[in-house]
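Okay, so here's the structure we're looking at.
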Amino acid sequence: MKKLNVLKAPIDIAGPVVTIVMDGVGIGNGKEGDAVSTAYTPTLDMLMKKYPWVKLKAHGTAVGLPTDDDMGNSEVGHNALGSGQVFSQGAKLVSESIVSGKMFEGKAWREIVDNVRSNGSALHFLGLFSDGNVHSHIDHLKAMITAAKSEGVKTVRVHILLDGRDVGETSALDYVRPFEAFLASLNCASFDARIASGGGRMKITMDRYEANWKMVEDGWHTHVLGEGRQFASAEQAIVTYRNETGAIDQDLPAFVIAENGRPVGTVNDGDSVVFFNFRGDRAIEISKTFEGGASFDKFDRVRVPDVVYAGMLEYDGDLHIPSRYLVSPPSITNTMGEYLAGTGVCQFAISETQKYGHVTYFWNGNRSGKFDEKTETYEEIPSDVVPFEQRPWMQCALITDRLIEVIRSGKYKYIRANFPNGDMVGHTGNYEATRCSMEALDLQLARLLTVIDEVKGVAIITADHGNADEMFEYDKKKDCVKTNSDGSPKAKTSHTLNPVPCIIYDNFYSDKYTVSDADGLGLANVAATTVNFLGYEAPDMWNASLIKLK
């Protein structure tokens with residue numbers, strides 16, 4: 001294994017270096033809906049007043065996503081924190097795989113295509129139908145359909161989830177019309193590709209965090225069983241529903257395309273199905289539905305076709321959902337965990353179930369297992385099986401109890417922990433519960449810092465992306481919170497584009513270094529900072545350290 005070089009003049013920290021990831025805690029605008037700044041957090045307030053800290057980018061290009069309009073997420077955030085580098089993720093990764101041809105050479109694509117050809121069956125594509133580039137991109141879909149035809153697939157059916165959130169709210173026909181022309185240009189006596197079903201992304205299929213399985217059930221009945229209101233074309237469905245309901249694209253009801261009263265694209269035994277979203281949060285539940293087997297209990301699927309199913313990416317690296325995916329996670333090499341293991345530094349990683357994989361699997365570059373059984377210890381605190389807003393403190397006290405024992409043991413030079421509160425409770429959209437989660441976390445920070453001082457250690461306190469910092473939808477043009485029809489604030493459950501703090505907590509060694517004030521720093525700068533504190537030089541391929549030794 002790779003080994004770190006010792007600094008010529010190391011800081012010689014007596015205690016451990018502790019990285020504390022406050023998951024989902026960004027730097028918001030401090031106004032209404034910012035559950036981080038409005039919560040009672042005396043410890044966090046003290047840290048940001050008394051100790052040096054910097055703003056880190058945790059979204060977009062800083063974590064390997066295509067543009068700075070792309071929100072970060074816990075997976076790519078921990079990839080960056082643990083590797084010290086930026087690797088292509090999401091849309092960028094898929095685009096590169098298509099351009100290079102690697103997608104079409106991969107095992108998953110071969111299984112999808114070979115299954116259809118051997119059975120003379122249909123290849124189905126299901127996903128968000130736009131070029132918003134947040135969950136999917138229509139160009140990826142078109143590239144796969146073109147490739148399928150070139151490889152002898154004869155029947156393609158497309159199930160479109162209308163956007164209206166990442167693109168214009170009534171822009172669906174701007175995608176449907178040219179796409180129909182695209183399909184017409186491919187269709188011939190030996191190839192038949194059609195749109196088979198669809199509906200608004202907030203009405204069917206694309207639920208997330210198991211908030212509303214009924215959406216997925218409705219999607220299953222629409223796409224798989226071909227049940228629902230029938231239309232001759234997607235355009236007819238969209239125009240009709242708009243006239244009848246006045247709804248924007250994301251809220252349009254489900255529709256089925258039919259000829260002579262028969263759906264043109266039900267999913268049947270022997271077919272192949274590709275869910276072409278690359279972002280995972282709204283792809284997991286439909287993947288579970290296709291792959292759930294006899295144990296699936298979320299709703300009655302009525303008929304479960306025997307298909308070869310694949311996602312665009314692996315949507316959950318811990319649970320390995322789905323089991324088959326077209327584009328492999330980025331090949332992340334030269335991670336901090338590997339270097340520390342090779343150097344013989346004892347490491348301890350801990351979180352509760354909800355984020356355990358983030359301080360292990362994702363931190364280590366999407367790598368299962370340990371680099372060195374002798375020097376690494378991973379510990380998972382079981383999460384409660386209750387809605388997060390009902391117990392917003394989650395397991396932060398139990399995580400802290402164990403961290404205190406580990407810090408005092410003196411066994412480990414490097415310790416990392418993730419507190420999921422800000423993210424998991426933030427995703428519920430419950431503002432008061434999220435404030436409570438932040439206050440619970442703040443209490444635990446106070447407990448930890450006392451013990452870190454006791455052993456003369458150092459803490460790096462940061463986050464992987466924003467969430468709790470923006471609990472209400474905000475109209476930036478009007479500088480006000482968006483409201484529902486009853487005047488209440490419109491809840492926001494997604495991540496944010498806000499930067500995150502990185503606080504250097506050190507009461508013993510701060511005279512030996514300065515903290516950077518450079519612009520454009522990101523999560524990938526934390527790894528080099530960590531190994532510098534531990535007394536080692538950072539590898540050349542890592543992003544620069546946040547500290548400069550005197």
Side-chain angles (χ1 to χ4, degrees), residues 91 93-129 131 136-161 175-176 178-198 223-226 233-234 256-260 262-278 283 286-287 290-291 303-314 322-328:
L93 191 65
V94 173
S95 296
E96 290 174 348
S97 182
I98 289 173
V99 171
S100 68
K102 287 184 178 179
M103 175 191 288
F104 306 118
E105 298 167 359
K107 179 181 178 182
W109 178 260
R110 297 261 53 85
E111 290 175 344
I112 287 287
V113 171
D114 290 347
N115 173 66
V116 169
R117 290 190 305 199
S118 64
N119 288 311
S121 56
L123 171 53
H124 299 261
F125 292 99
L126 167 62
L128 186 63
F129 190 69
D131 58 0
S136 66
H137 200 294
I138 197 170
D139 286 352
H140 299 161
L141 171 62
K142 292 164 73 174
M144 289 188 291
I145 294 173
T146 302
K149 178 182 178 181
S150 71
E151 295 194 41
V153 171
K154 296 184 181 303
T155 306
V156 166
R157 293 294 181 260
V158 185
H159 307 268
I160 62 175
L161 299 169
Y175 299 100
V176 167
F179 186 74
E180 291 280 26
F182 163 76
L183 294 182
S185 71
L186 294 178
N187 284 339
C188 59
S190 61
F191 185 72
D192 176 28
R194 309 186 200 184
I195 295 176
S197 71
H223 314 308
V224 176
L225 306 181
S233 68
V256 174
I257 307 304
E259 286 184 352
N260 301 317
R262 295 176 61 85
V264 302
T266 56
V267 181
N268 302 300
D269 288 346
D271 288 352
S272 291
V273 180
V274 173
F275 193 75
F276 62 85
N277 285 19
F278 49 75
I286 189 63
S287 296
F290 272 103
E291 295 193 330
R303 176 175 64 83
V304 184
D306 181 11
V307 302
V308 175
Y309 178 84
M312 183 66 88
L313 294 171
E314 184 178 37
S323 59
R324 183 185 292 103
Y325 43 91
L326 299 179
V327 179
S328 297

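For the single chain, residues carry numbers from 1 onward in sequence order.
Between the OG atom in S121 and the CG atom in N115 there is a gap of 5.0 Å [rounded to 0.5 Å]. Note: M312 CE to S136 OG = 8.5 Å, rounded to the nearest 0.5 Å. Atom CG of L183 is separated from atom CD1 of I195 by 6.5 Å, given to the nearest 0.5 angstrom. The distance from atom OG1 of T155 to atom CZ of F191, rounded to the nearest 0.5 Å, is 8.5 Å.
Here the options are T146, L141, N187, the test is side chain to side chain contact (heavy atoms under 4.5 Å, CB included), and the partner is F182; only T146 passes. Each of R157, K149, K154 was compared with D192 under the side chain to side chain contact (heavy atoms under 4.5 Å, CB included) criterion, and only R157 meets it. A side chain to side chain contact (heavy atoms under 4.5 Å, CB included) with Y309 is found for exactly one of L126, I286, V267, I112, namely I286.
Between P263 and G226, the closest heavy-atom pair is CG-O, 3.4 Å. In plain terms, the two heavy atoms of E151 and W109 that are nearest each other are OE2-NE1, 2.9 Å. Across every non-hydrogen atom of S287 and A283, the tightest pair is OG-O, 2.8 Å. Considering every non-hydrogen atom in both S197 and I257, the closest pair reads N-CG1, 4.2 Å. The minimum heavy-atom distance linking I98 with A143 is given by the pair CG2-CB, 3.8 Å. When every heavy atom of F104 is checked against every heavy atom of A147, the shortest pair comes out as CE2-CB, 3.6 Å.
With a 4.5 Å cut-off on side-chain heavy atoms, H140 and M103 do not count as touching. Using a 4.5 Å cut-off on side-chain heavy atoms (C-beta onward), I160 and F125 make no contact. In this structure, the side chains of L93 and F278 stay at 4.5 Å or more apart for every pair of heavy atoms. Using a 4.5 Å cut-off on side-chain heavy atoms (C-beta onward), L161 and H223 make contact. A heavy-atom distance below 4.5 Å is found between the side chains of R303 and T266. Residues M144 and L326 form a side-chain contact, since some pair of their non-hydrogen atoms from C-beta on lies under 4.5 Å apart. Within the 4.5 Å cutoff, side-chain heavy atoms of F179 are placed close to those of I145.
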Apply side-chain contact (heavy atoms from CB on, under 4.5 Å) to V224 and F290, showing your working.
CA-CA 10 Å; V224 176; F290 272 103; 3.7 Å; yes
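Under a 3.5 Å cut-off, the side chain of D269 and the backbone N or O of D306 do form a donor-acceptor pair. Remark: side-chain polar atoms of D271 are paired, donor with acceptor, to backbone N or O of A122 under 3.5 angstrom. The backbone N or O of V94 sits nowhere less than 3.5 Å from a side-chain atom of S97 that would complete a donor-acceptor pair.
Between H124 and H159, the ring-plane angle classifies as parallel under the 30° and 60° cut-offs.
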